[in-house]
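For reference, the structure discussed in these notes is given below.
One-based numbering along the sequence shown. In this text the structure is predicted, and so the values were computed from the model without any measurement.
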Amino acid sequence: GAILLGKRKGGSGEGTWSLPGGHLELGESFEECAHREVLEETALPLKNLRVTTVDNAIDLPSRFHYVVIFVTAETTAEPVNLEEDRCEGWEWVQWDAEDFPSPLFTPLENL
(Lines give C-alpha, C1' and ligand atoms only; values in the text may rest on other atoms or scores of the structure.)
Protein backbone atom coordinates (compact mmCIF):
# COMPACT_ATOMS: atom_id res chain seq x y z
CA GLY A 1 0.00 0.00 0.00
CA ALA A 2 0.84 3.65 -0.16
CA ILE A 3 1.41 6.14 2.61
CA LEU A 4 0.83 9.87 2.60
CA LEU A 5 3.94 11.96 3.24
CA GLY A 6 4.44 15.70 3.51
CA LYS A 7 7.63 17.74 3.85
CA ARG A 8 7.55 19.68 7.12
CA LYS A 9 7.97 23.46 7.26
CA GLY A 10 8.80 25.36 10.46
CA GLY A 11 8.90 23.87 13.93
CA SER A 12 10.45 20.57 14.89
CA GLY A 13 11.55 18.36 12.05
CA GLU A 14 11.65 21.14 9.46
CA GLY A 15 12.75 19.74 6.09
CA THR A 16 11.91 16.13 6.99
CA TRP A 17 9.16 13.96 5.53
CA SER A 18 6.32 13.05 7.85
CA LEU A 19 2.84 11.61 8.05
CA PRO A 20 -0.08 13.90 8.87
CA GLY A 21 -0.80 14.04 12.59
CA GLY A 22 -0.90 16.04 15.77
CA HIS A 23 -1.84 16.12 19.42
CA LEU A 24 -4.75 14.39 21.09
CA GLU A 25 -7.65 16.56 22.26
CA LEU A 26 -9.07 15.87 25.71
CA GLY A 27 -11.15 12.70 25.62
CA GLU A 28 -10.29 11.69 22.03
CA SER A 29 -9.49 8.14 21.05
CA PHE A 30 -6.38 7.55 18.94
CA GLU A 31 -8.57 6.87 15.91
CA GLU A 32 -10.67 10.02 16.46
CA CYS A 33 -7.50 12.09 16.72
CA ALA A 34 -6.08 10.62 13.51
CA HIS A 35 -9.35 11.22 11.66
CA ARG A 36 -9.54 14.86 12.84
CA GLU A 37 -5.87 15.67 12.21
CA VAL A 38 -5.83 14.15 8.72
CA LEU A 39 -9.05 15.99 7.83
CA GLU A 40 -7.65 19.30 9.15
CA GLU A 41 -4.34 18.93 7.29
CA THR A 42 -5.37 17.19 4.06
CA ALA A 43 -9.21 17.23 3.74
CA LEU A 44 -9.07 13.43 3.34
CA PRO A 45 -12.06 11.48 4.66
CA LEU A 46 -10.86 8.26 6.30
CA LYS A 47 -12.47 4.92 7.00
CA ASN A 48 -11.41 1.67 8.69
CA LEU A 49 -9.01 3.41 11.09
CA ARG A 50 -6.92 1.16 13.34
CA VAL A 51 -3.92 1.57 15.63
CA THR A 52 -0.94 -0.26 14.12
CA THR A 53 2.08 0.57 16.30
CA VAL A 54 3.47 2.93 18.93
CA ASP A 55 6.87 4.66 18.98
CA ASN A 56 8.74 6.31 21.83
CA ALA A 57 10.31 8.96 19.58
CA ILE A 58 13.38 10.66 21.04
CA ASP A 59 15.66 13.07 19.16
CA LEU A 60 18.07 14.42 21.78
CA PRO A 61 19.82 17.05 19.61
CA SER A 62 16.41 18.57 18.80
CA ARG A 63 15.15 18.09 22.38
CA PHE A 64 12.19 16.20 20.90
CA HIS A 65 10.44 13.45 22.87
CA TYR A 66 6.95 12.22 22.03
CA VAL A 67 5.02 8.98 22.25
CA VAL A 68 3.62 8.57 18.73
CA ILE A 69 0.60 6.41 17.94
CA PHE A 70 0.52 5.25 14.30
CA VAL A 71 -2.92 4.69 12.82
CA THR A 72 -3.64 3.19 9.40
CA ALA A 73 -6.76 3.96 7.40
CA GLU A 74 -8.28 3.88 3.95
CA THR A 75 -9.40 6.68 1.64
CA THR A 76 -10.34 7.09 -2.01
CA ALA A 77 -9.77 10.85 -2.18
CA GLU A 78 -6.73 12.96 -3.04
CA PRO A 79 -5.10 15.19 -0.39
CA VAL A 80 -5.28 18.98 -0.33
CA ASN A 81 -2.57 20.93 1.51
CA LEU A 82 -4.64 22.88 4.04
CA GLU A 83 -1.67 24.00 6.17
CA GLU A 84 0.74 25.52 3.66
CA ASP A 85 2.63 27.27 6.47
CA ARG A 86 3.47 23.86 8.00
CA CYS A 87 3.78 21.53 5.00
CA GLU A 88 5.18 21.92 1.48
CA GLY A 89 2.61 19.47 0.08
CA TRP A 90 1.37 15.87 0.28
CA GLU A 91 2.46 12.90 -1.83
CA TRP A 92 1.34 9.28 -1.96
CA VAL A 93 4.44 7.07 -1.71
CA GLN A 94 4.78 3.29 -1.95
CA TRP A 95 6.50 1.73 1.09
CA ASP A 96 8.91 -0.14 -1.16
CA ALA A 97 9.64 2.75 -3.54
CA GLU A 98 13.27 2.97 -4.64
CA ASP A 99 13.07 6.76 -4.43
CA PHE A 100 11.43 6.85 -0.97
CA PRO A 101 11.79 10.43 0.36
CA SER A 102 14.39 11.35 2.96
CA PRO A 103 15.24 12.56 5.48
CA LEU A 104 12.33 11.26 7.57
CA PHE A 105 10.86 12.84 10.70
CA THR A 106 12.13 10.96 13.79
CA PRO A 107 8.99 8.89 14.53
CA LEU A 108 8.73 7.71 10.93
CA GLU A 109 12.48 7.03 10.74
CA ASN A 110 12.10 4.77 13.79
CA LEU A 111 9.73 2.46 11.93
Side-chain angles (χ1 to χ4, degrees):
I3 62 169
L4 184 63
L5 294 179
K7 195 167 191 181
R8 297 172 69 94
K9 287 171 49 176
S12 64
E14 182 169 14
T16 63
W17 291 87
S18 178
L19 302 166
H23 297 97
L24 283 163
E25 299 289 337
L26 182 63
E28 270 185 328
S29 70
F30 300 139
E31 296 86 354
E32 290 167 338
C33 177
H35 187 270
R36 176 184 53 77
E37 287 286 349
V38 169
L39 198 60
E40 289 174 0
E41 295 178 21
T42 70
L44 286 174
L46 301 178
K47 62 182 182 179
N48 299 325
L49 288 86
R50 57 205 168 278
V51 172
T52 54
T53 195
V54 177
D55 178 49
N56 186 26
I58 302 170
D59 183 347
L60 292 177
S62 299
R63 303 191 48 77
F64 174 94
H65 186 184
Y66 281 91
V67 174
V68 180
I69 313 300
F70 288 91
V71 175
T72 57
E74 299 171 11
T75 190
T76 56
E78 287 300 317
V80 176
N81 188 7
L82 298 177
E83 295 183 342
E84 293 181 1
D85 60 321
R86 303 172 105 187
C87 179
E88 291 184 18
W90 297 104
E91 296 180 22
W92 290 109
V93 180
Q94 295 294 319
W95 270 114
D96 58 356
E98 288 183 25
D99 59 345
F100 200 84
S102 70
L104 300 175
F105 190 46
T106 300
L108 191 55
E109 181 71 36
N110 290 347
L111 291 180

Of all residues at least two apart in sequence or in a different chain, which pass the side-chain hydrogen bond (donor to acceptor under 3.5 Å, both in side chains) check with [X]?
| X | answer |
| --- | --- |
| Ser62 | Asp59 |
| Glu32 | Ser29 |
| Glu40 | Arg36 |

Shared hydrophobic cluster for [X] and [Y] (ILVMFWY, side-chain gaps under 4.5 Å):
| X | Y | answer |
| --- | --- | --- |
| Leu104 | Ile58 | no |
| Ile69 | Phe105 | no |
| Leu4 | Val80 | no |
| Phe64 | Leu60 | no |
| Trp90 | Leu82 | no |

Heavy-atom closest contact ([X] atom, [Y] atom, distance):
| X | Y | value |
| --- | --- | --- |
| Pro101 | Val93 | CD-CG1, 3.8 Å |
| Ala34 | Leu46 | O-CD1, 4.2 Å |
| Glu25 | Glu28 | N-OE1, 2.8 Å |

| request: Among residues two or more places apart or on two chains, list those pairs meeting side-chain hydrogen bond (donor to acceptor under 3.5 Å, both in side chains) that have a residue in residues 42-57. | output: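 Listed by first then second residue: Asn48-Glu74, Asp55-Asn110, Asn56-His65.
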| field | Pairs satisfying side-chain hydrogen bond (donor to acceptor under 3.5 Å, both in side chains), at least one member in residues 75-85, at least two apart | value | Glu78-Trp92
Roughly how far, to the nearest 0.5 Å, is the [atom2] atom of [Y] from the [atom1] atom of [X]?
| X | Y | atom1 | atom2 | result |
| --- | --- | --- | --- | --- |
| Cys33 | Leu49 | SG | CG | 10.5 Å |
| Ser12 | Arg63 | OG | CZ | 13.0 Å |
| Glu14 | Lys7 | CD | NZ | 10.0 Å |

| query | Listed by chain and number, what are the ring pair (Phe, Tyr, Trp, His ring centres under 6.0 Å) partners of Phe30, not counting sequence neighbours? | reply | none
Decide yes or no for [X] and [Y]: does some side-chain heavy atom of the first lie under 4.5 Å from some side-chain heavy atom of the second?
| X | Y | value |
| --- | --- | --- |
| Val51 | Val71 | yes |
| Phe100 | Leu5 | yes |
| Leu19 | Phe70 | yes |

| field | Other residues, nucleotides, ligands: >12 heavy atoms within 6.0 Å of Arg86 CZ | value | no
| query | Of Leu39, Leu44, Val38, which meets side chain to side chain contact (heavy atoms under 4.5 Å, CB included) against Pro20? | reply |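 The option that passes is Val38.
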